[in-house]
Colleague: 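Take a look at the following structure, please.
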Amino acid sequence: MKTNIFKSKWFGNLLFLLVFVAMFFYYGLHESMFYPPQSVHVWRQTNCLSLTQNYYQHDLPFLQPEMHNQFGNGGTSGKAVGEFPIIYYLVAQLWDFFGNHEWVFKLVQILIFFTGMLALFSTLKYLFKNYFWAIFVSLLVFTSPMIVFYGPNFLPDVPALSLVFIAWYFVIRFTRKRRQHNLWWSALFFCLAMLLKVTSAISFIALGGWVVFELIFQQNQQRIFNFKIKHFLPFILFLLPVIAWYFYADYYNSVHKGHFSVHGIWPIWNITEENFLRVIDVQRKIYFKQLFWPVTQYLTVGIWLFLLITIKKMKPVYRYFILILPAGFIMQVLFWFQILDYHDYYLINLVVVLVAIWTIFIVQFRTFNLNRYVKYAVYGFFTLFFVWNVITCRDHLQIRYRGWMNAPFTKYHKALLELEPLFKRLGISKDDKVISLPDTSINSTLYYMNRKGYTTFGSDFSKKETFYRRIEQGAKYLIVNDSTILSSEVLQPFIKNKIGEFENVSVYDIRNIKPENQQPN
């Protein structure tokens with residue numbers, strides 16, 4: 001008896017892998033893997049790397065992370081924390097083995113993302129009983145310019161989304177096998193996702209709501225997940241580390257006065273009209289096109305509306321998720337609306353809603369009795385649709401690396417990566433603190449130079465008094481990457497002793513500079 005290879009298990013898995021790898025190379029990720037942090041939100045990228053670098057260089061305890069910027073403890077330490085630093089700590093340990101290379105960090109991120117995509121593919125393969133649709137929906141996620149850019153680039157958002165997909169894989173396995181160890185694995189991955197990004201909890205909350213609904217209102221034979229009381233235990237226990245971590249993070253930042261990450265909400269109802277219009281304008285002109293190809297987003301909304309119209313034809317579980325997840329999407333946007341001007345990556349974990357809409361749509365679509373030719377025509381249409389998503393994604397990635405989005409890095413910051421030989425000639429050691437201007441971010445230029453010190457985040461360098469205070473706290477050198485600021489009157493006392501330069505960067509010795517009223521006669 002001959003086996004049809006197109007229906008064999010290994011063929012679908014192999015096809016998924018080949019398409020993923022082809023997209024990986026088409027996007028140029030094999031090249032950008034070796035790029036330093038740059039382009040959109042380099043601020044957040046370098047925060048992640050700064051924490052990792054300090055773990056690596058100073059062998060810090062896991063629960064006592066530090067950054068390059070000395071904005072904590074009144075300007076004497078970099079002690080601060082945001083999300084659970086498990087990836088940063090892990091990468092620091094890998095650096096001990098492989099060497100201090102940013103590509104190691106990116107490889108870890110890519111492996112987490114690929115595992116998440118594979119888990120999603122496996123889940124959809126079970127739901128659809130069809131390789132084409134499973135590959136289409138799972139890898140449609142990989143056509144988001146936002147995900148493809150931030151995924152390898154150090155931020156925790158894409159790993160959190162990937163961990164959610166892995167968690168759902170084990171939930172579905174439980175419905176098939178009824179083995180409780182799958183729930184322990186699912187709870188673990190949900191826990192890790194929420195530790196990395198609390199906004200990733202949207203589908204976890206939705207799942208919990210449905211399971212409770214089943215338990216109270218449905219008979220056993222009607223239930224999908226059919227949880228018993230013991231099945232709740234893994235999720236309850238794994239919620240405790242999430243709660244404990246965010247309490248600890250607030251405590252740690254309060255003690256050291258090193259707040260840098262948003263743990264609360266920034267809701268729409270507290271925004272000014274001017275800022276509201278600015279967020280809308282930025283989203284319309286830039287980031288709406290970066291989440292997915294706009295046609296894909298409009299089509300997803302259209303599909304959702306179609307599902308609402310035909311909601312009575314669905315199973316109760318699909319009705320629930322098609323209502324509750326989009327509602328969660330809207331609530332999350334409203335709760336964090338104020339930071340959607342430049343913090344585009346806050347939308348990444350909401351992609352789970354897009355996946356749910358397409359999944360439910362295809363489950364419903366496959367109930368239609370289409371003839372072979374119509375079926376092939378549909379496959380052809382969505383293949384072309386998918387390919388165009390891939391092409392537009394690549395175009396937007398190129399803008400992020402080669403267009404205006406990356407201009408500050410190429411013009412001012414790139415030279416900072418090559419300052420170490422100059423620092424060695426000038427006798428500037430790894431432990432010497434610097435003031436780095438101009439830089440409104442927390443760690444960007446400090447990370448590039450791998451020097452602790454100060455930027456305008458946490459230090460008001462529009463005042464001479466701030467310079468004097470930071471010098472008293474150990475700042476020895478002033479690093480200027482943009483010569484246009486040298487005409488500032490405030491800078492004049494601190495740029496008298498220029499000791500070196502490289503390309504657009506100038507180095508000034510500010511040791512022993514004291515306030516004018518303390519200068520010797």
Colleague: Is there a donor-acceptor contact under 3.5 Å from the side chain of Q45 to the main chain of Q38?
Modeller: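 Side chain of Q45 to backbone of Q38: a pair is present.
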Colleague: Rounded to the nearest 0.5 Å, how far does CD1 of I243 lie from SG of C191?
Modeller: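 So the gap between those two atoms works out to 10.0 Å.
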Colleague: Once you measure the plane-to-plane angle for Y35 and Y401, does it fall in the parallel (<30°), tilted (30-60°) or perpendicular (>60°) bin?
Modeller: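 Correct class here is perpendicular.
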Colleague: At their closest point, which heavy atom of P438 faces which heavy atom of N481, and how far apart are they?
Modeller: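 Closest approach of P438 to N481: O-ND2, 3.3 Å.
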Colleague: With no hydrogens and no angle check, is any side-chain donor or acceptor of N182 less than 3.5 Å from a backbone partner on F170?
Modeller: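 Side chain of N182 to backbone of F170: no pair is present.
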Colleague: Give the ring-plane orientation class for F235 versus F190, where under 30° counts as parallel, over 60° as perpendicular and anything between as tilted.
Modeller: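 Answer is tilted, since the angle falls between 30° and 60°.
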Colleague: Taking C48's backbone N and O only, do any of them form a donor-acceptor pair with T52's side chain (distance below 3.5 Å, no angle check)?
Modeller: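 Side chain of T52 to backbone of C48: a pair is present.
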Colleague: Taking the side chain as every heavy atom from C-beta outward, state whether T392 and V295 have any atom pair closer than 4.5 Å.
Modeller: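 SC-SC contact between T392 and V295 ruled out.
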Colleague: Should the pair F457 and W43 be assigned to parallel (<30°), tilted (30 to 60°) or perpendicular (>60°) ring geometry?
Modeller: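 Correct class here is perpendicular.
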Colleague: Would a 4.5 Å heavy-atom cut-off, applied to side chains only, mark L239 and M194 as touching?
Modeller: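 They are in contact (side-chain heavy atoms under 4.5 Å apart), so the answer is yes.
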Colleague: For T455 and N69, does a side-chain donor sit closer than 3.5 Å to a side-chain acceptor?
Modeller: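 Judged by distance alone, the side chains do pair up.
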Colleague: Which pair of non-hydrogen atoms, one from I202 and one from Q332, has the smallest distance, and what is that distance?
Modeller: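 Minimum heavy-atom separation between I202 and Q332: CB-OE1, 4.2 Å.
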Colleague: Considering non-hydrogen atoms only, spot the tightest contact between S186 and V171 and give its length.
Modeller: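 Looks like OG-CG2, 3.0 Å.
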Colleague: Which label fits F174 and F227: parallel for a plane angle under 30°, tilted from 30 to 60°, or perpendicular past 60°?
Modeller: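 Taking F227 first and then F174, their aromatic rings stand perpendicular (interplane angle over 60°).
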Colleague: From I236 CD1 over to F232 CZ, what is the distance, rounded to the nearest 0.5 angstrom?
Modeller: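 Separation between the atoms: 7.5 Å.
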Colleague: Please determine whether the number of non-hydrogen atoms from other residues, nucleotides or ligands lying under 6.0 Å from atom OH of Y376 exceeds 12.
Modeller: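 Not more than 12 within 6.0 Å, no.
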Colleague: With under 30° as parallel and over 60° as perpendicular, where do the rings of F20 and F113 fit, or are they tilted in between?
Modeller: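 Rings of F20 and F113: tilted, 30 to 60°.
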Colleague: With a 4.5 Å cut-off on side-chain heavy atoms, are T115 and F165 touching?
Modeller: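 The answer is no; the side chains never approach within 4.5 Å.
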Colleague: So F385 and F381, would you call those rings parallel, tilted or perpendicular, with 30° and 60° as cut-offs?
Modeller: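 Ring orientation of F385 relative to F381: parallel.
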Colleague: Both conditions, 6.0 Å and 45 degrees, for the charged tip of K375 above the ring of F368: are they met here?
Modeller: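 No; the conditions do not both hold, so K375 does not lie above the ring face of F368.
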Colleague: Indicate the ring-plane relationship of W210 and F321, choosing parallel, tilted or perpendicular according to the 30° and 60° boundaries.
Modeller: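 It falls in the tilted class, 30° to 60°.
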Colleague: Suppose we screen for side chain to side chain donor-acceptor pair (under 3.5 Å). Which residues come up paired with T445, at least two apart in sequence or across chains?
Modeller: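 Side chain to side chain donor-acceptor pair (under 3.5 Å) check on T445 returns S436, D439.
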Colleague: Where does the angle between the aromatic ring planes of Y88 and F105 fall among parallel (under 30°), tilted (30 to 60°) and perpendicular (over 60°)?
Modeller: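 It falls in the tilted class, 30° to 60°.
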Colleague: Is there a donor-acceptor pair closer than 3.5 Å between any side-chain N or O of E83 and the backbone N or O of L155?
Modeller: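 Flag not set: sc E83 to bb L155 has no pair under 3.5 Å.
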Colleague: Do M33 and P152 have side chains that get closer than 4.5 Å, going by heavy atoms?
Modeller: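 A side-chain contact is absent here, since even the closest heavy-atom pair is not under 4.5 Å.
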Colleague: Check whether the side chains of T199 and W336 place a donor and an acceptor atom closer than 3.5 Å, and report yes or no.
Modeller: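 Per modelled atom types, T199 and W336 side chains form no pair under 3.5 Å.
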Colleague: Report yes if the distance between the aromatic ring centroids of Y346 and F335 is under 6.0 Å, otherwise no.
Modeller: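 No: the rings miss the under 6.0 Å criterion.
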Colleague: Does the side chain of Q218 reach to within under 4.5 Å of the side chain of N226, using non-hydrogen atoms?
Modeller: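 Side chain of Q218 against side chain of N226, heavy atoms only: no contact under 4.5 Å found.
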Colleague: Hey, does the side chain of Y345 reach the backbone of I147 with a donor-acceptor pair shorter than 3.5 angstrom?
Modeller: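 It does not hold such a pair.
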Colleague: Below 30° counts as parallel, above 60° as perpendicular, anything between as tilted: where do the rings of F189 and W185 land?
Modeller: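 F189 vs W185 ring planes: parallel.
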Colleague: Please confirm whether the ring centroid of Y131 lies under 6.0 Å from the ring centroid of F16.
Modeller: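 Centroid distance Y131-F16: not below 6.0 Å, so no.
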Colleague: Quick check: do R178 and H231 have side-chain heavy atoms less than 4.5 Å from each other?
Modeller: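 Counting from C-beta outward, R178 and H231 do come under 4.5 Å.
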Colleague: Can a salt bridge be assigned to the pair D281 and R284 using a cut-off of 4.0 Å between side-chain N and carboxylate O?
Modeller: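 Between R284 and D281 there is a salt bridge, with a charged N closer than 4.0 Å to a carboxylate O.
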Colleague: Within 45° of the ring axis of F128 and under 6.0 Å from its six-membered ring centre, is that where the NZ or CZ of R366 lies?
Modeller: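 Ring-cation test returns no.
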Colleague: With no hydrogens and no angle check, do the side chains of N275 and R278 hold a donor and an acceptor under 3.5 Å apart?
Modeller: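 The answer is yes; a qualifying pair exists.
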Colleague: Verify the ring-centre separation between H41 and Y150: is it less than 6.0 angstrom?
Modeller: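 No, ring centres 6.0 Å or more apart.
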Colleague: Using modelled atom types only, decide if a donor and an acceptor are shared between the side chain of N54 and the backbone of S50 within a distance under 3.5 Å.
Modeller: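 Indeed, once roles are kept as given, a pair shorter than 3.5 Å links the two residues.
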Colleague: Is R173 positioned over the aromatic face of Y126, cation under 6.0 angstrom from the ring centre and no more than 45 degrees off axis?
Modeller: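 Not satisfied by the 6.0 Å and 45° rule.
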Colleague: Any idea how W133 and F365 line up, ring-wise: parallel (<30°), tilted (30 to 60°), or perpendicular (>60°)?
Modeller: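 The arrangement is perpendicular - the two ring planes meet at more than 60°.
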Colleague: Looking at W95 versus Y55, is the centre-to-centre ring distance below 6.0 Å?
Modeller: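 Between W95 and Y55, the centre distance exceeds or equals 6.0 Å.
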Colleague: Measuring only between side-chain heavy atoms, which start at C-beta, is W404 closer than 4.5 Å to I399?
Modeller: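 Yes, at least one pair of side-chain atoms sits under 4.5 Å.
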